[in-house]
Amino acid sequence: MKTNFLIIGAGLSGLVMAERLSKECGAKCTIVEKRDHIGGNAQDEYDEAGVLVHKYGPHYFRTNSPRILEYLSQFTEWHSVDYKILSYSDGRYWNFPINLNTFEQFLGRESSTEEFEAWLESKRIPIENPANSEEVIVSQVGWELYEKFFKNYTLKQWKKDPKDLDASVCGRIPIRTNRDDRYLREDFQALPKEGYHRLFQRMLESSPGVELLLGTDYHDVIEKIPHDHLIYTGPIDEYFDFCFGPLPYRSLRFENESFGSEELKDREAISGKPGYWQPAMQVNYPNDEAFTRIVEIKHATGQECANTTIVREYPDNYEPGKEAYYPIPTPETAALYRRYAEKAEELENVSFIGRLATYRYYNMDQVVGMALTEFEKLMAEERSRGTKAESRELERGAELTAE
Ligand code: FAD
Ligand code: UDP
């Protein structure tokens, strides 16, 4: 059966496109998704212990964009969260991201913003335009704090020295001299009140006539589904059969462990409250462990549940058959991606959007923004085709009258 828009991937970018195109234009959309669920990496679900967990790593929604917030708020209410995390190093928990509290822990006494700023001034390596992830941190805090919190975490996560990664990678982490210890910078920080899956379901519910094929790799069906336009949200190198060589990605391995209320009693001294395993929703382990972080998302969801689940996150090499979670932002990968992007630009009636198809380390709000912009672009093209067709009709009419 013919469809107007064949959408590859039911992640956020694919769902936004399906919702907009079907609802606003009455277009027929077919989504093909190789996993057995919608939502891509942002999916959440209740595990066997009854705990709502983020299936592919913690997803902290945040945005500065009223347009994106307004769009998503059609499908969910929000549960406000000040995302707070800790870092564990040298056998103790540290306030993180680095702020005045961290400095006081470091000194072992009270301090002030003025003293911290003066200290940083004496430690900073003056670099005008930090060009990589090492420079972006040492130019703010110097070598000691860089080595304590960033160097090994980054080596573990990316299997690359921070100096070989774009400044934007470690530059994501704020450094503050006041006591603001929220992990993220954005104005709006909240989770969907009933979870991501419910949000995604509602997006589909308001997408009239969208056909969804789960558990289906697009390679197996693309020839069988005639379409006017293809929206591709999978890895761009795969789309072009890796013709310029594979783009590198990092993968992850998640190890989940659940605890009942009895087992958690022994943890109360550490977590600080009954029903929890650790003292914050996320604890980073920069140095001595093979995993990078332990996430106990119940802290953030606010779910009332006697049990809890923690997830240890192990960085992993990517190879075919594993999930490509992270594009690796370096000058070399940007150059290779550019070659694929140029090839993509030559195609008509194909849109490449989302984290994998544009090879960008993008957050959810940025991906939603990208999809909304692509929708508007397609509509503008459609309108201009309509206008051109209309004016061609008028010209033709004028010619006929003259004849
Ligand atoms: P995806 O969610 O990857 O969706 C693409 C879909 O395409 C997938 O479902 C995939 O199965 C499907 N697909 C691929 N190939 C094929 C094929 N051959 N056939 C059919 N289907 C195919 N963002 C935040 O804002 N806050 C966070 O805290 C945050 N934390 C993150 C933590 C981790 C560990 C990761 C990996 C990402 C995180 N993100 C976070 C980013 C967020 O996941 C993405 O921005 C967003 O989910 C990307 O949506 P997408 O649709 O572009 O891609
Ligand atoms: N990072 C670090 N130490 C930390 C936290 C982050 O060195 O304690 C670096 C690391 O390179 C990481 C990047 O900052 O990949 C971005 O961190 P973020 O927590 O935003 O990563 P994500 O949630 O996207 O995996």
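Computed from heavy atoms alone, side chains included, the values below leave out hydrogens, waters and symmetry copies. As the structure lists them, so they are numbered: ligands from 1, and atoms in each ligand from 1.
With atom 30 (N) of ligand 1 as the reference point, the heavy atom nearest to it among P58, S13, A42 is part of P58. Of the candidates N41, D365, L191, L214, the one placing a heavy atom closest to atom 1 (P) of ligand 1 is N41. Among Y218, Y83, Y56, Y196, the residue whose heavy atom sits closest to atom 18 (N) of ligand 1 is Y218.
Looking only at protein heavy atoms, the nearest one to atom 40 (C) of ligand 1 is H59 CD2, 3.6 Å. When only non-hydrogen protein atoms are considered, atom 16 (C) of ligand 1 lies nearest to K34 CD, 3.7 Å. For atom 4 (O) of ligand 1, the closest non-hydrogen atom of the protein is G11 CA, 3.5 Å. Of all protein heavy atoms, the one lying nearest to atom 37 (C) of ligand 1 is R355 NH1, 3.2 Å. When only non-hydrogen protein atoms are considered, atom 11 (O) of ligand 1 lies nearest to E33 OE2, 2.6 Å. For atom 45 (O) of ligand 1, the nearest non-hydrogen atom of the protein is Y362 O, 2.8 Å.
Using a 4.0 Å cut-off between charged nitrogen and carboxylate oxygen, E268 and K265 do not count as a salt-bridge pair. A salt bridge links D228 and K2; the closest N-O separation between the charged side-chain nitrogens and carboxylate oxygens is under 4.0 Å. Between R67 and E376, at least one side-chain N (NZ, or NE/NH1/NH2) sits under 4.0 Å from a carboxylate O, which counts as a salt bridge. Between E345 and R338 there is a salt bridge, since a side-chain N of the basic residue sits under 4.0 Å from a carboxylate O of the acidic one. The pair D180-R182 counts as a salt bridge, with a side-chain nitrogen and a carboxylate oxygen less than 4.0 angstrom apart.
Contacts of A357 with ligand 1, taken as heavy-atom pairs under 4.0 Å, are absent altogether. Residue contacts with ligand 1, taken as heavy atom pairs separated by less than 4.0 Å, involve V367 solely via side-chain atoms from C-beta onward. Neither the backbone nor the side chain of Q366 has any atom closer than 4.0 Å to an atom of ligand 1 (non-hydrogen atoms only).
Closest of all the heavy-atom pairs between G245 and L336 is O-CD2, 4.2 Å.
Distances between N or O atoms of Y325 and those of ligand 1 include no value under 3.5 Å. Where the criterion is an N or O separation shorter than 3.5 Å, residue side chain and backbone included, M364 meets it with respect to ligand 1. Residue-to-ligand polar distances keep R293 apart from ligand 1: every N/O pair is separated by 3.5 Å or more. Considering both main-chain and side-chain atoms, L356 never comes within under 3.5 Å of ligand 1 through any nitrogen or oxygen pair.
Numbered from 1 in the order shown, with element, the atoms of ligand 1 that lie under 4.0 Å from a heavy atom of G9 read 6 (C), 7 (O), 12 (C). Contact atoms of ligand 1 toward L252: 34 (C) (distance under 4.0 Å to a heavy atom of the residue). Contact atoms of ligand 1 toward E238: 18 (N) (distance under 4.0 Å to a heavy atom of the residue). In summary, the atoms of ligand 1 found under 4.0 Å from a heavy atom of G354, numbered by their order in the structure, are 52 (O). Applying the 4.0 Å criterion to heavy atoms of V32 picks out, from ligand 1, the atoms 20 (C), 21 (N). Of all atoms in ligand 1, listed by their number and element, those nearer than 4.0 Å to a heavy atom of Y60 are 24 (C), 25 (O), 26 (N), 27 (C), 28 (O). Close approach of ligand 1 to T233 (heavy-atom distance below 4.0 Å) involves ligand atoms 5 (C), 7 (O).
Here side chain to side chain donor-acceptor pair (under 3.5 Å) pairs that include residues 242-253, with residues two or more places apart or in two chains, are D237-Y249, R250-N317, R253-E255.
Ring centers of Y183 and Y60: at least 6.0 Å apart, outside the cut-off. Two rings, from F254 and Y325, have their centers less than 6.0 Å apart.
Between T216 and ligand 1 there is a heavy-atom distance shorter than 4.0 Å. Residue contacts with ligand 1 leave out M370, since none of its heavy atoms falls under 4.0 Å from the ligand. Distances from ligand 1 to the non-hydrogen atoms of H54 include no value under 4.0 Å.
Among Y153, Y285, W94, the single residue meeting the ring-ring contact (aromatic ring centres under 6.0 Å, His included) criterion with Y88 is Y285.
Using modelled atom types, no side-chain atom of Y218 and backbone atom of I31 make a donor-acceptor pair closer than 3.5 Å. Checked by atom type and distance alone, the side chain of D36 never pairs as donor or acceptor with a backbone atom of L214 at under 3.5 Å. Under a 3.5 Å cut-off, the side chain of T233 and the backbone N or O of I353 do not form any donor-acceptor pair. The closest donor-acceptor contact from the side chain of R179 to the backbone of L100 lies at 3.5 Å or more, if one exists at all.
If you check the side chains of N99 and N101, you find a donor sitting under 3.5 Å from an acceptor.
For NZ of K163, the number of neighbouring non-hydrogen atoms (other residues, nucleotides, ligands) closer than 6.0 Å is 12 at most. Within a 6.0 Å radius of CD in E110, no more than 12 heavy atoms belonging to other residues, nucleotides or ligands are found.
The presence of a protein heavy atom under 4.0 Å from atom 53 (O) of ligand 1 is ruled out.
Protein residues with a heavy atom closer than 4.0 Å to ligand 2 are F96, F149, F150, Y153, T154, Q157, W158, V169, C170, R172, I173, Y183, N284, R293, Y326, Y361, listed by chain and number.
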**OP:** Decide yes or no on side-chain hydrogen bond (donor to acceptor under 3.5 Å, both in side chains) for Y83 and R62, but give the supporting numbers first.
**Re:** CA-CA 10 Å; Y83 302 115; R62 74 282 206 139; over 6 Å; no
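Atoms CG and CG, from L155 and D164 in turn, are 9.5 Å apart once rounded to the nearest 0.5 Å.
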